[in-house]
Amino acid sequence: MDPSEYDLPFFHRQGFHRSTCVVCGHAFWTLGDFDRCQEAPCREYGFIGAPIFVRPYSLREMRETFLGFFEARGHTRIRRYPTVARWRNDVFFTQASIYDFQPWVTSGAVPPPANPLTISQPVLRFIDLEEVGRSGRHFTLFEMMAHHAFNRPDHEVYFKDRCTELCHELLVEKLGANPKAFTYKEEVWEGGGNLGPSLSVSALGLEVATLVFMEYTRDGENLKPMPLTVVDTGYGLERFVWASHGTKSAYEPVFGEEYDELRRSFAPHDAAVLIDHARALNFLLTDGVVPSNSKEGYFARLLLRRSLRILGRVPEAPDIYSILERSGREIARDFPEVGMHRDDLRRVVEAEVERYGEAIERARQTIRRTEDRIRSSGGHATSEDLIDWYDSLGVPPDLAVEELREPPPIPNDFYSLVAARHENERPTNDYVEVTQGLPEVPASVPKTEVLYYLDPYTVSFDAHVLWTEGPFVALDRTYFYPTGGGQVTDRGHLGDLEVVEVAWRGPWVLHRLERPSPFRVGDRVRGRVDPVRRTQLMQHHTATHLMNGTLREVLGPHVWQAGAYKATESARIDVTHFRALSKEELRAIDRRVNQIVREDRPVKSYFESRAEAERRFGFTLYQGGAVPGRELRIVEIEGFDVEACGGTHCTHTSEVGAIEILGVERIQDGVVRLNYASGERALEIREEHEEILREAARRLGVPVSRLPEGIDRLLAEIEESRKVARDRRKEDLGETAERLLSDPRATETVGPVTVVAARLDLDRTEMMELSRILSREAGRVVILASEREGRGTLFVGSTAPGISAANVVEAAKPAFDGKGGGSPAAATAVGEPGAPLTTALDAARLAARGTVAA
RNA sequence: GGGCACGUAGAUCAGCGGAAGAUCGCUGCUUUCGCAAAGCAGAGGUCGGGGGUUCAAAUCCCCCCGUGUCCA
């Protein structure tokens, strides 16, 4: 980056000079007298016992001081965003305050909620999980305080100079730090295809702020200026508090009394982990993460299980609920939403604690058994086994060792060895672009006015063709609903041509016709939306909102929509929930959702500013994921459910008709899927089901009400006849056995051994069974031959000591070119097609007799 | 999203190429005034599903489905 990028008038006004760090080689600006930048490790911590700021601050005081400072300087304070970044599909968690505004605000597509703005955003970082509690300064969740400005060519708020000035003023004038203590180190920030200069602000070894100025887009080697430049800053709240105390670790001043309380029962490291994890969990669970074995849910599970492990080591430990509760109460003073659904949160945790107990118990048993097996074969468990057990059973090594009689040593780098196993895994990220297969529309074409938002009942309209290519047509206005938000496309006609698909392409709605469009730009066309299809889709969409609201009500506020699909045949919704639904829950859901349908509540759809909507309804608006735009379209089922949604909806709940739940399944850990139908389809399905029942009853010859008993009777009959057939076959084989034993051509006795040999075309299992009957007594050799599809099979069973069936078969194989083998007790061989089976039988008989003689 | 482990009798699991097993539970009988217990006898299995390899597959290979777990 060009040095002029950092040469700010502010530095000159204040008398800063530029030096180069003798350690890291970076240039920096400072008022002090340093040969190195003040960031660790170039300079070691110097603020322990010598606080950077004039007086100690609590977390709350510091947050308030920061936000107040920027408010007083023209910034608008905005509320935190959820810690789970549902509006993005590239990350699970909000990892910096700027994430709140990516991608739409930073790309310029949507204006920021305020400009400039200030925020304290709780963010999650799992990278340093192992360092938490150990380093004295790492946290899983911390608050990133920030001030952001978004500059458009026509509206410059502020950029590098003013930003740096504000930062310095905060540090020096507001917090009373020594102005000469700081270095502003020149760095380059790059991410998401954008880059720009950045300044890393440090004092006494501690980095207190990063000021990032996004201004270029990378285009290979060249840099292109961005149309919108962004001031992205980050100030760690916990660090500020720490710097104001100058204590040895950051945990005492940040966690205060809570930490002291836990210290009575736990080592400092464990106490810090417990309280850190409790804080992160309170935010995660409040923001709707349900612990599970994948995606964001896994991180919640990880934190909870790590906590449980620590608690499990201390007999007098408080339970996990009281720790979460205590932490939650503390957080709720500043973030009231965290305290709102405590009972629900507790249920989620209870389910998870129970699962953990079960998993560990199962794993303990497995480990014990496995060790027994290893020992009985003369070995002993190895460190490698410990890694196996952790990876596949989830047993931490210290617990595994407790189970073992001969424990191997736990490697010091245990978790690195686990990580090494996962090194070569390649995650696949196959994105399906929605716009795939759609043509490029010239930017000069005016955007489509979408009318279905305003009136979902109008299905016939006139419009002008603005653009057309192949089968695609863009109109100036349309009532056709394009695929989106989980609702499938409308169909219908443009003129006389069928519309087979409708899709968004940027700001245009493209109608795809059954064949190349005959229309010309400027043509006036008549559009007719298939009203039956539209009605069904509307019903299914409104039904989905009703279902979502009902699920939150019945199961609890931890329920979030994780996906939905609305087609004509049926609809489905996937929601986060910690276990499969019970019959009772399902019945309650069915009753409640249909009750709301019958109550005929108004369903209002309207546009509202994003900020206002978020203020009124909170982030639960975004059930279907993030929605772009300054204005949100709100779909509000009065007194029941509010979501940001672009779909077509009924205006009253009774229009949904009825909701018929077709099935429930747990599609993955932590996610439950419900399938259902509404409207006309619900009735159809009900009729189909009734017809199936009637037909089944008719075929069984019982009334519908007696169907279950009828089926039981039928099953009993099948069972009975199977048994009869089996007994019959046994009996037949028994008779055959009697016959063979009394037939001198088949049976001969040689000393202590009776050899039975016969050719009877039986199948394999029958031969085995017959042999078993014949050789009930010891000292029998049974040789059976049969031919199936031209190939001879020879079966030998032996209970005669010293005579191995396998050897007998081996001896007979050459006689009919057979392949096979077996054990001393039983053996089989199959000959080539047409090979002499009788010869083989004789050879086997000879071999058996010969063995006895020898 | 990926790696690994697991899926066998009602339950918990063994077997890991040659004739499907153990323990508990269940049924009947013996013993007892009755119960518990013990003894004897017995019922109960498409070895998750589907392909393939093999003379032979619960066992080896592939694909699904389900469960668990670790990692992003």
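Chain naming here is simple, since letters A, B, ... match the order of the sequence lines and numbering starts at 1 in each. Values below: every heavy atom of this structure, side chains too, minus hydrogens, waters and symmetry copies.
Residues of residues 809-825 of chain A that place a heavy atom closer than 4.0 Å to RNA chain B, in numerical order, are A/Lys819, A/Gly820, A/Gly821, A/Gly822, A/Ser823, A/Ala825. RNA chain B is contacted by no residue of residues 575-582 of chain A, taking any non-hydrogen atom closer than 4.0 Å.
Figure legend: cation-pi geometry between A/Arg88 and A/Tyr99, with NZ or CZ positioned under 6.0 Å from the six-membered ring centre and within 45° of its axis.
Salt bridge present: A/Arg780 and A/Glu777 bring a charged side-chain N and a carboxylate O closer than 4.0 Å. The existence of a salt bridge linking A/Arg572 and A/Glu665 is excluded, since no basic side-chain nitrogen approaches an acidic carboxylate oxygen closer than 4.0 Å.
The distance between atom CD1 of A/Ile367 and atom P of B/rC13, rounded to the nearest whole Å, is 13 Å.
Under 4.0 angstrom from either OP1 or OP2 of B/rA56 there lies no side-chain N or O belonging to A/Arg764. OP1 or OP2 of B/rC13 lies within a sub-4.0 Å distance of a side-chain N or O belonging to A/Gln365. Side-chain nitrogen and oxygen atoms of A/Lys295 include at least one within less than 4.0 Å of the OP1 or OP2 phosphate oxygen of B/rG1.
Taking the C1' atoms as reference points, B/rU46 lies 14 Å from B/rA9, given to the whole Å. For the C1' atom pair drawn from B/rG25 and B/rC13, the interatomic distance equals 14 Å after rounding to whole Å.
Every residue meeting the salt bridge (Lys or Arg N to Asp or Glu O under 4.0 Å) condition with A/Asp669, not counting sequence neighbours, appears here in chain and number order: A/Arg301, A/Arg355, A/Arg666. The side-chain hydrogen bond (donor to acceptor under 3.5 Å, both in side chains) test applied to A/Thr839 returns no partner, not counting sequence neighbours.
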Sequence-aligned protein contact record of nucleotides 42-53 of chain B, with B where the base is within under 4.0 Å of a protein heavy atom and S where only the sugar-phosphate is:
--S---------
Hey, what are the protein-to-nucleotides 63-68 of chain B N/O distances that come in under 3.5 Å?
{"residue": "B/rU67", "atom": "OP1", "partner": "A/Arg666", "partner atom": "NH2", "Å": "3.4"}
{"residue": "B/rG68", "atom": "OP2", "partner": "A/Arg666", "partner atom": "NH2", "Å": "3.0"}
{"residue": "B/rG68", "atom": "N2", "partner": "A/Ser392", "partner atom": "O", "Å": "3.2"}

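Classification of the A/His558-A/Phe578 ring pair by plane angle, with boundaries at 30° and 60°, yields tilted.
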